[in-house]
Amino acid sequence: MAARSGVLDVFVVGSCMMDLVSFTPRLPRPGETIHGNRFITGFGGKGANQCVQASRLGATTAILAKVGQDNFGESYIKNLKENNVNTDFVSQTDGVSTGVAQITVDEEGQNSIVIVAGANLFLRPEDVGRLEEALVSSKVLVCQLEVRPETTARALRFARRHGVKTILNPAPATEDMDPELYDLADILCVNETEAEILAKQPVRNVEEAETVALSFLKHGCQAAIITLGPSGCVVAHNGDPTPHHVPSRSVQVIDTTGAGDSFVGALAFYLARRPDLELVEIARRACMVAAVSVTARGTQSSYPYRSSLPDVLF
Ligand SMILES: Nc1ncnc2c1ncn2[C@@H]1O[C@H](COP(=O)(O)OP(=O)(O)OP(=O)(O)O)[C@@H](O)[C@H]1O
Ligand SMILES: *[C@@H]1O[C@H](CO)[C@@H](O)[C@H](O)[C@H]1NC(C)=O
(Lines give C-alpha, C1' and ligand atoms only; values in the text may rest on other atoms or scores of the structure.)
(Ligands and ions follow the chains in the order given, each with its own letter.)
Protein backbone atom coordinates (compact mmCIF):
# COMPACT_ATOMS: atom_id res chain seq x y z
CA MET A 1 0.00 0.00 0.00
CA ALA A 2 1.20 3.51 -0.76
CA ALA A 3 2.19 5.61 2.20
CA ARG A 4 -0.15 8.35 3.35
CA SER A 5 1.33 11.80 3.07
CA GLY A 6 2.05 13.24 6.48
CA VAL A 7 4.14 10.27 7.51
CA LEU A 8 6.69 10.18 4.72
CA ASP A 9 10.28 9.23 5.44
CA VAL A 10 11.70 10.14 2.05
CA PHE A 11 10.41 12.54 -0.58
CA VAL A 12 12.14 12.56 -3.96
CA VAL A 13 11.82 15.34 -6.54
CA GLY A 14 13.33 13.93 -9.71
CA SER A 15 13.35 11.90 -12.88
CA CYS A 16 11.77 8.76 -14.30
CA MET A 17 13.34 7.23 -17.41
CA MET A 18 12.67 4.06 -19.34
CA ASP A 19 15.88 2.29 -20.31
CA LEU A 20 15.67 0.65 -23.74
CA VAL A 21 18.68 -1.60 -24.04
CA SER A 22 19.86 -3.38 -27.21
CA PHE A 23 22.70 -5.89 -27.07
CA THR A 24 24.70 -5.97 -30.31
CA PRO A 25 27.95 -7.57 -31.58
CA ARG A 26 29.39 -4.06 -31.98
CA LEU A 27 28.22 -0.43 -31.93
CA PRO A 28 26.76 0.83 -35.24
CA ARG A 29 28.65 3.42 -37.30
CA PRO A 30 26.87 6.58 -38.56
CA GLY A 31 24.28 5.65 -41.18
CA GLU A 32 24.65 1.96 -40.50
CA THR A 33 21.94 -0.56 -39.57
CA ILE A 34 23.04 -3.62 -37.62
CA HIS A 35 21.20 -6.49 -35.99
CA GLY A 36 21.24 -6.96 -32.25
CA ASN A 37 20.92 -10.21 -30.28
CA ARG A 38 18.65 -9.18 -27.43
CA PHE A 39 16.48 -6.28 -26.20
CA ILE A 40 15.32 -5.44 -22.70
CA THR A 41 13.55 -2.55 -21.04
CA GLY A 42 14.34 -1.37 -17.54
CA PHE A 43 13.13 1.27 -15.13
CA GLY A 44 15.65 4.04 -14.58
CA GLY A 45 16.06 7.75 -13.94
CA LYS A 46 18.09 8.78 -10.93
CA GLY A 47 15.14 10.16 -8.98
CA ALA A 48 13.02 7.04 -9.29
CA ASN A 49 15.99 4.72 -8.74
CA GLN A 50 16.87 6.38 -5.45
CA CYS A 51 13.24 6.42 -4.35
CA VAL A 52 12.77 2.72 -5.15
CA GLN A 53 15.91 1.76 -3.21
CA ALA A 54 14.78 3.74 -0.14
CA SER A 55 11.36 2.13 -0.39
CA ARG A 56 12.73 -1.42 -0.69
CA LEU A 57 14.65 -0.86 2.54
CA GLY A 58 11.38 -0.01 4.27
CA ALA A 59 11.08 3.77 4.03
CA THR A 60 7.70 5.33 3.29
CA THR A 61 8.36 7.26 0.09
CA ALA A 62 6.81 9.54 -2.52
CA ILE A 63 8.14 11.06 -5.72
CA LEU A 64 7.28 14.25 -7.56
CA ALA A 65 7.86 13.38 -11.22
CA LYS A 66 6.42 13.66 -14.70
CA VAL A 67 6.04 10.94 -17.29
CA GLY A 68 4.33 11.02 -20.70
CA GLN A 69 0.78 10.01 -21.54
CA ASP A 70 2.15 6.91 -23.26
CA ASN A 71 2.69 3.22 -22.54
CA PHE A 72 6.03 3.89 -20.88
CA GLY A 73 4.37 6.40 -18.56
CA GLU A 74 1.66 3.91 -17.61
CA SER A 75 4.09 1.13 -16.92
CA TYR A 76 6.40 3.44 -14.99
CA ILE A 77 3.61 4.45 -12.62
CA LYS A 78 2.71 0.79 -12.17
CA ASN A 79 6.35 0.03 -11.36
CA LEU A 80 6.44 2.74 -8.70
CA LYS A 81 3.25 1.40 -7.11
CA GLU A 82 4.66 -2.12 -7.10
CA ASN A 83 7.61 -0.71 -5.20
CA ASN A 84 5.34 0.85 -2.60
CA VAL A 85 6.14 4.39 -3.73
CA ASN A 86 3.32 6.92 -3.29
CA THR A 87 2.48 8.15 -6.82
CA ASP A 88 0.02 10.91 -5.87
CA PHE A 89 2.52 13.44 -7.22
CA VAL A 90 3.39 11.63 -10.45
CA SER A 91 1.54 13.08 -13.42
CA GLN A 92 1.29 12.23 -17.09
CA THR A 93 2.04 15.16 -19.38
CA ASP A 94 0.21 15.42 -22.68
CA GLY A 95 2.13 15.80 -25.93
CA VAL A 96 5.55 14.74 -24.69
CA SER A 97 7.13 11.32 -24.29
CA THR A 98 8.21 9.67 -21.07
CA GLY A 99 11.94 10.19 -20.56
CA VAL A 100 13.91 7.45 -22.31
CA ALA A 101 17.51 6.28 -22.42
CA GLN A 102 18.29 4.33 -25.59
CA ILE A 103 21.29 2.19 -24.76
CA THR A 104 23.35 0.01 -27.10
CA VAL A 105 25.78 -2.41 -25.48
CA ASP A 106 28.35 -4.31 -27.54
CA GLU A 107 30.02 -7.65 -26.77
CA GLU A 108 32.91 -5.95 -25.00
CA GLY A 109 30.47 -4.17 -22.69
CA GLN A 110 31.08 -0.79 -24.38
CA ASN A 111 27.96 1.30 -24.71
CA SER A 112 26.54 4.30 -26.47
CA ILE A 113 23.55 6.09 -24.97
CA VAL A 114 20.98 8.62 -26.19
CA ILE A 115 18.88 10.24 -23.46
CA VAL A 116 15.65 12.09 -24.25
CA ALA A 117 14.54 13.75 -21.02
CA GLY A 118 11.00 14.26 -22.40
CA ALA A 119 8.40 14.78 -19.67
CA ASN A 120 11.11 15.19 -17.01
CA LEU A 121 11.77 18.72 -18.31
CA PHE A 122 8.13 19.62 -17.76
CA LEU A 123 8.52 19.37 -14.00
CA ARG A 124 8.45 23.03 -12.99
CA PRO A 125 8.92 25.02 -9.79
CA GLU A 126 5.11 25.56 -9.65
CA ASP A 127 4.69 21.79 -9.35
CA VAL A 128 6.80 21.90 -6.20
CA GLY A 129 4.45 24.57 -4.86
CA ARG A 130 1.60 22.06 -5.04
CA LEU A 131 3.22 19.45 -2.86
CA GLU A 132 4.40 21.64 -0.03
CA GLU A 133 1.98 20.18 2.48
CA ALA A 134 3.34 16.67 1.91
CA LEU A 135 6.93 17.80 1.79
CA VAL A 136 6.75 19.76 5.03
CA SER A 137 5.98 16.60 6.98
CA SER A 138 8.60 14.44 5.28
CA LYS A 139 11.84 13.64 7.03
CA VAL A 140 14.24 13.74 4.08
CA LEU A 141 14.14 15.34 0.63
CA VAL A 142 16.32 13.87 -2.12
CA CYS A 143 17.10 15.76 -5.35
CA GLN A 144 19.28 15.27 -8.42
CA LEU A 145 19.84 17.35 -11.56
CA GLU A 146 17.94 15.32 -14.17
CA VAL A 147 15.05 17.77 -13.91
CA ARG A 148 15.22 21.55 -14.31
CA PRO A 149 17.69 23.06 -11.82
CA GLU A 150 15.16 25.74 -10.80
CA THR A 151 12.72 22.98 -9.81
CA THR A 152 15.40 21.28 -7.72
CA ALA A 153 16.36 24.61 -6.13
CA ARG A 154 12.77 25.42 -5.20
CA ALA A 155 12.26 22.04 -3.54
CA LEU A 156 15.52 22.29 -1.60
CA ARG A 157 14.79 25.86 -0.47
CA PHE A 158 11.36 24.88 0.77
CA ALA A 159 12.69 21.82 2.60
CA ARG A 160 15.45 23.84 4.20
CA ARG A 161 13.00 26.47 5.42
CA HIS A 162 10.89 23.77 7.09
CA GLY A 163 13.64 21.72 8.69
CA VAL A 164 13.39 18.79 6.28
CA LYS A 165 16.84 17.22 5.83
CA THR A 166 18.16 17.53 2.29
CA ILE A 167 20.31 15.24 0.17
CA LEU A 168 21.55 16.60 -3.16
CA ASN A 169 23.07 14.25 -5.71
CA PRO A 170 24.11 16.84 -8.32
CA ALA A 171 24.09 14.42 -11.24
CA PRO A 172 24.65 14.82 -14.10
CA ALA A 173 27.25 17.30 -12.88
CA THR A 174 28.06 20.53 -14.70
CA GLU A 175 30.98 22.88 -14.10
CA ASP A 176 28.66 25.84 -13.74
CA MET A 177 26.31 24.44 -11.08
CA ASP A 178 24.35 27.14 -9.26
CA PRO A 179 26.43 27.78 -6.11
CA GLU A 180 23.24 28.23 -4.06
CA LEU A 181 22.69 24.47 -4.32
CA TYR A 182 25.67 23.76 -2.04
CA ASP A 183 24.13 25.91 0.68
CA LEU A 184 20.82 24.09 0.37
CA ALA A 185 22.31 20.61 0.81
CA ASP A 186 22.65 18.98 4.21
CA ILE A 187 24.46 16.17 2.41
CA LEU A 188 26.03 16.52 -1.03
CA CYS A 189 26.65 13.07 -2.51
CA VAL A 190 28.62 12.53 -5.74
CA ASN A 191 30.74 9.92 -7.48
CA GLU A 192 34.36 10.44 -8.57
CA THR A 193 33.53 11.85 -12.00
CA GLU A 194 30.98 14.29 -10.63
CA ALA A 195 33.36 15.36 -7.86
CA GLU A 196 36.04 16.13 -10.47
CA ILE A 197 33.66 18.20 -12.59
CA LEU A 198 32.37 20.21 -9.62
CA ALA A 199 35.74 20.71 -7.95
CA LYS A 200 37.66 21.11 -11.23
CA GLN A 201 40.42 18.88 -9.89
CA PRO A 202 41.26 15.18 -10.17
CA VAL A 203 39.73 12.59 -7.83
CA ARG A 204 41.78 9.46 -8.52
CA ASN A 205 42.20 8.04 -5.03
CA VAL A 206 41.01 8.24 -1.43
CA GLU A 207 43.38 11.04 -0.54
CA GLU A 208 42.26 13.28 -3.41
CA ALA A 209 38.63 12.48 -2.60
CA GLU A 210 39.20 13.57 1.01
CA THR A 211 40.66 16.88 -0.11
CA VAL A 212 37.80 17.53 -2.51
CA ALA A 213 35.15 16.50 0.05
CA LEU A 214 36.55 19.09 2.46
CA SER A 215 36.50 21.70 -0.31
CA PHE A 216 32.77 21.04 -0.85
CA LEU A 217 32.10 21.92 2.79
CA LYS A 218 33.63 25.34 2.17
CA HIS A 219 31.03 25.87 -0.56
CA GLY A 220 28.28 25.59 2.05
CA CYS A 221 26.97 22.03 2.35
CA GLN A 222 26.82 20.52 5.83
CA ALA A 223 28.36 17.22 4.76
CA ALA A 224 29.90 15.78 1.60
CA ILE A 225 30.15 12.15 0.51
CA ILE A 226 32.15 11.00 -2.52
CA THR A 227 31.51 7.40 -3.60
CA LEU A 228 34.51 5.53 -4.97
CA GLY A 229 33.13 2.33 -6.51
CA PRO A 230 34.95 -0.71 -5.07
CA SER A 231 36.84 1.61 -2.70
CA GLY A 232 33.65 2.58 -0.85
CA CYS A 233 33.30 6.26 -0.05
CA VAL A 234 34.74 9.26 1.72
CA VAL A 235 32.71 11.28 4.23
CA ALA A 236 33.40 14.80 5.47
CA HIS A 237 31.16 16.88 7.67
CA ASN A 238 31.08 20.26 9.31
CA GLY A 239 32.60 20.45 12.73
CA ASP A 240 35.02 17.60 12.03
CA PRO A 241 38.31 18.58 10.41
CA THR A 242 39.17 14.99 9.45
CA PRO A 243 37.45 13.23 6.55
CA HIS A 244 36.69 9.52 6.96
CA HIS A 245 37.28 6.76 4.44
CA VAL A 246 34.62 4.02 4.54
CA PRO A 247 35.81 0.93 2.62
CA SER A 248 33.35 -1.23 0.71
CA ARG A 249 32.93 -4.95 1.13
CA SER A 250 34.58 -7.02 -1.58
CA VAL A 251 31.87 -8.68 -3.68
CA GLN A 252 31.44 -10.71 -6.87
CA VAL A 253 30.69 -7.94 -9.37
CA ILE A 254 28.04 -8.69 -12.01
CA ASP A 255 26.82 -5.22 -13.05
CA THR A 256 27.59 -1.89 -11.37
CA THR A 257 24.89 0.09 -13.21
CA GLY A 258 22.86 2.13 -10.75
CA ALA A 259 25.13 1.49 -7.76
CA GLY A 260 25.40 5.21 -7.08
CA ASP A 261 21.61 5.56 -6.95
CA SER A 262 21.33 2.54 -4.66
CA PHE A 263 23.81 4.28 -2.35
CA VAL A 264 21.86 7.57 -2.34
CA GLY A 265 18.55 5.77 -1.76
CA ALA A 266 20.04 3.88 1.16
CA LEU A 267 21.54 7.07 2.55
CA ALA A 268 18.08 8.68 2.50
CA PHE A 269 16.56 5.64 4.21
CA TYR A 270 19.06 5.69 7.08
CA LEU A 271 18.93 9.45 7.48
CA ALA A 272 15.14 9.24 7.87
CA ARG A 273 14.89 6.06 9.94
CA ARG A 274 18.12 6.03 11.93
CA PRO A 275 18.85 9.68 12.72
CA ASP A 276 20.52 8.37 15.88
CA LEU A 277 23.44 6.98 13.84
CA GLU A 278 26.59 8.96 13.06
CA LEU A 279 26.93 9.95 9.40
CA VAL A 280 29.98 7.72 8.99
CA GLU A 281 27.98 4.72 10.20
CA ILE A 282 25.11 5.66 7.88
CA ALA A 283 27.58 5.81 4.97
CA ARG A 284 29.05 2.45 5.98
CA ARG A 285 25.61 0.83 5.85
CA ALA A 286 24.74 2.57 2.54
CA CYS A 287 27.97 1.11 1.11
CA MET A 288 26.84 -2.36 2.21
CA VAL A 289 23.48 -1.94 0.47
CA ALA A 290 25.06 -0.56 -2.74
CA ALA A 291 27.63 -3.37 -2.73
CA VAL A 292 24.77 -5.90 -2.84
CA SER A 293 23.31 -4.04 -5.85
CA VAL A 294 26.42 -4.69 -7.95
CA THR A 295 26.07 -8.46 -7.50
CA ALA A 296 22.97 -8.60 -9.75
CA ARG A 297 22.14 -7.43 -13.25
CA GLY A 298 20.27 -4.23 -14.14
CA THR A 299 19.48 -1.04 -12.26
CA GLN A 300 16.34 -1.23 -10.09
CA SER A 301 16.22 -4.97 -10.72
CA SER A 302 19.47 -5.28 -8.73
CA TYR A 303 18.36 -3.28 -5.68
CA PRO A 304 18.06 -5.35 -2.51
CA TYR A 305 14.96 -5.52 -0.30
CA ARG A 306 15.12 -5.28 3.45
CA SER A 307 14.11 -8.93 3.73
CA SER A 308 17.24 -10.08 1.86
CA LEU A 309 19.67 -8.06 3.98
CA PRO A 310 21.13 -8.90 7.40
CA ASP A 311 19.20 -7.56 10.42
CA VAL A 312 22.30 -5.77 11.72
CA LEU A 313 21.89 -3.24 8.89
CA PHE A 314 18.56 -2.02 10.34
N1 LIG B 1 32.91 -3.10 -7.44
C2 LIG B 1 32.29 -2.78 -6.30
N3 LIG B 1 32.50 -3.52 -5.20
C4 LIG B 1 31.89 -3.21 -4.04
N5 LIG B 1 31.07 -2.15 -3.89
C6 LIG B 1 30.84 -1.38 -4.96
C7 LIG B 1 31.44 -1.65 -6.22
N8 LIG B 1 31.01 -0.71 -7.09
C9 LIG B 1 30.20 0.10 -6.40
N10 LIG B 1 30.09 -0.29 -5.11
C11 LIG B 1 29.29 0.34 -4.06
O12 LIG B 1 28.39 1.28 -4.67
C13 LIG B 1 28.67 2.61 -4.21
C14 LIG B 1 28.47 3.57 -5.36
O15 LIG B 1 29.32 3.17 -6.44
P16 LIG B 1 30.00 4.18 -7.44
O17 LIG B 1 30.89 5.11 -6.71
O18 LIG B 1 30.59 3.36 -8.51
O19 LIG B 1 28.74 5.02 -7.94
P20 LIG B 1 28.39 5.44 -9.43
O21 LIG B 1 29.66 5.64 -10.18
O22 LIG B 1 27.48 6.59 -9.34
O23 LIG B 1 27.63 4.17 -9.92
P24 LIG B 1 27.13 3.85 -11.39
O25 LIG B 1 27.55 5.02 -12.27
O26 LIG B 1 27.81 2.56 -11.72
O27 LIG B 1 25.67 3.74 -11.25
C28 LIG B 1 30.09 2.56 -3.68
O29 LIG B 1 30.28 3.55 -2.70
C30 LIG B 1 30.18 1.14 -3.13
O31 LIG B 1 29.62 1.10 -1.85
C1 LIG C 1 29.34 8.83 -12.15
O2 LIG C 1 28.00 8.99 -12.51
C3 LIG C 1 27.79 9.43 -13.84
C4 LIG C 1 26.32 9.62 -14.02
O5 LIG C 1 25.94 10.75 -13.33
C6 LIG C 1 28.36 8.41 -14.80
O7 LIG C 1 28.22 8.88 -16.13
C8 LIG C 1 29.82 8.17 -14.50
O9 LIG C 1 30.32 7.13 -15.31
C10 LIG C 1 29.99 7.78 -13.02
N11 LIG C 1 31.40 7.70 -12.69
C12 LIG C 1 31.99 6.59 -12.28
C13 LIG C 1 33.43 6.69 -11.91
O14 LIG C 1 31.37 5.53 -12.19
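Counting convention: from 1, in listed order, for ligands and their atoms alike.
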Query raised in the report: If you measure only the distance, is there a donor-acceptor pair under 3.5 Å linking the side chains of N79 and Q300?
Result: yes
Report summary line: Under 4.0 Å from ligand 2, residues with heavy atoms, in chain and number order, are K46, A171, N191, E192, T193, E194
Report summary line: Closest heavy-atom approach to atom 3 (N) of ligand 1 among V292, T299, V251, V234 is made by V251
Query raised in the report: Among A171, P247, G44, G229, which residue places a heavy atom closest to atom 9 (C) of ligand 1?
Result: G229
Requested in this report: List the steps, then state whether side-chain contact (heavy atoms from CB on, under 4.5 Å) holds for T61 with V12.
Outcome: CA-CA 8 Å; T61 58; V12 175; over 6 Å; no
Query raised in the report: Should you measure from each heavy atom of C287, which atoms of ligand 1 turn up under 4.0 Å away?
Result: 29 (O), 31 (O)
Report task. State, without any angle test, whether D9 and T60 hold a side-chain donor-acceptor pair at a distance under 3.5 Å. Result -> yes
Query raised in the report: At what distance is the nearest protein heavy atom to atom 21 (O) of ligand 1, and which residue and atom is it?
Result: N191 ND2, 3.1 Å
Report task. Report the part of T256 (side chain from C-beta onward, or backbone N, CA, C, O) that has a heavy atom under 4.0 Å from ligand 1; answer both or neither where that applies. Result -> both
Report summary line: atom 12 (O) of ligand 1 has as its nearest protein heavy atom A290 CB, 3.2 Å
Report task. Specify side chain, backbone, both or neither for S248, according to which of its non-hydrogen atoms lie closer than 4.0 Å to ligand 1. Result -> side chain
Query raised in the report: Taking distance alone, with no angle check, do G258 and ligand 1 share an N/O pair under 3.5 Å?
Result: yes
Query raised in the report: Using the ring of each side chain (for Trp, its six-membered ring), is F269 parallel, tilted or perpendicular to F314, with breaks at 30° and 60°?
Result: perpendicular
Query raised in the report: Considering only protein heavy atoms, which is closest to atom 2 (C) of ligand 1, and at what distance to one decimal place?
Result: P230 CA, 3.6 Å
Query raised in the report: Of the non-hydrogen atoms in P28 and T104, which two are nearest, and what is the gap between them?
Result: CD-CG2, 4.2 Å
Query raised in the report: Given that the side chain starts at C-beta and the backbone is N, CA, C, O, which of these parts of T227 lies under 4.0 Å from ligand 1, counting heavy atoms, or is it both or neither?
Result: both
Report task. Specify side chain, backbone, both or neither for T193, according to which of its non-hydrogen atoms lie closer than 4.0 Å to ligand 1. Result -> neither
Report task. Give a yes-or-no answer on whether the side chains of D70 and S97 include a donor-acceptor pair shorter than 3.5 Å. Result -> no
Requested in this report: Show your working on side-chain contact (heavy atoms from CB on, under 4.5 Å) between R160 and D186 and close with a plain yes or no.
Outcome: CA-CA 9 Å; R160 177 50 68 77; D186 287 319; 2.9 Å; yes
Report summary line: A student checking ligand 1 against V253 at a 4.0 Å heavy-atom cut-off should list atoms 1 (N)
Requested in this report: Report the part of R249 (side chain from C-beta onward, or backbone N, CA, C, O) that has a heavy atom under 4.0 Å from ligand 1; answer both or neither where that applies.
Outcome: backbone
Query raised in the report: Would E194 count as a contact of ligand 1 if the rule is a heavy atom under 4.0 Å away?
Result: no
Query - Check against side-chain contact (heavy atoms from CB on, under 4.5 Å), V164 and V136 - result: CA-CA 7 Å; V164 178; V136 81; 5.6 Å; no
Report summary line: For atom 29 (O) of ligand 1, the closest protein heavy atom turns out to be G232 O, 2.9 Å
Query raised in the report: Minimum heavy-atom separation for V10 to A59, with atom names?
Result: CG2-CB, 4.1 Å
Query raised in the report: Hey, does the side chain of T24 reach the backbone of R26 with a donor-acceptor pair shorter than 3.5 angstrom?
Result: yes
Report task. Return a yes/no value for V294: is any of its N or O atoms, backbone included, closer than 3.5 angstrom to an N or O of ligand 1? Result -> no
Query - Parallel, tilted or perpendicular: ring planes of H219 versus Y182, cut at 30 and 60 degrees - result: parallel
Query raised in the report: What's the spacing between I63 CD1 and L80 CG if we round to 0.5 Å?
Result: 6.0 Å
Requested in this report: Report the C-alpha separation of L57 and Y303 in whole Å, then their side-chain angles, then the decisive distance to 0.1 Å, and conclude whether the side-chain contact (heavy atoms from CB on, under 4.5 Å) test is met.
Outcome: CA-CA 9 Å; L57 296 176; Y303 291 177; over 6 Å; no
Query - Candidates E194, E210, E196 - the one meeting side chain to side chain contact (heavy atoms under 4.5 Å, CB included) with V203 - result: E196
Query raised in the report: Any N or O on G260 sitting closer than 3.5 Å to an N or O of ligand 1?
Result: yes
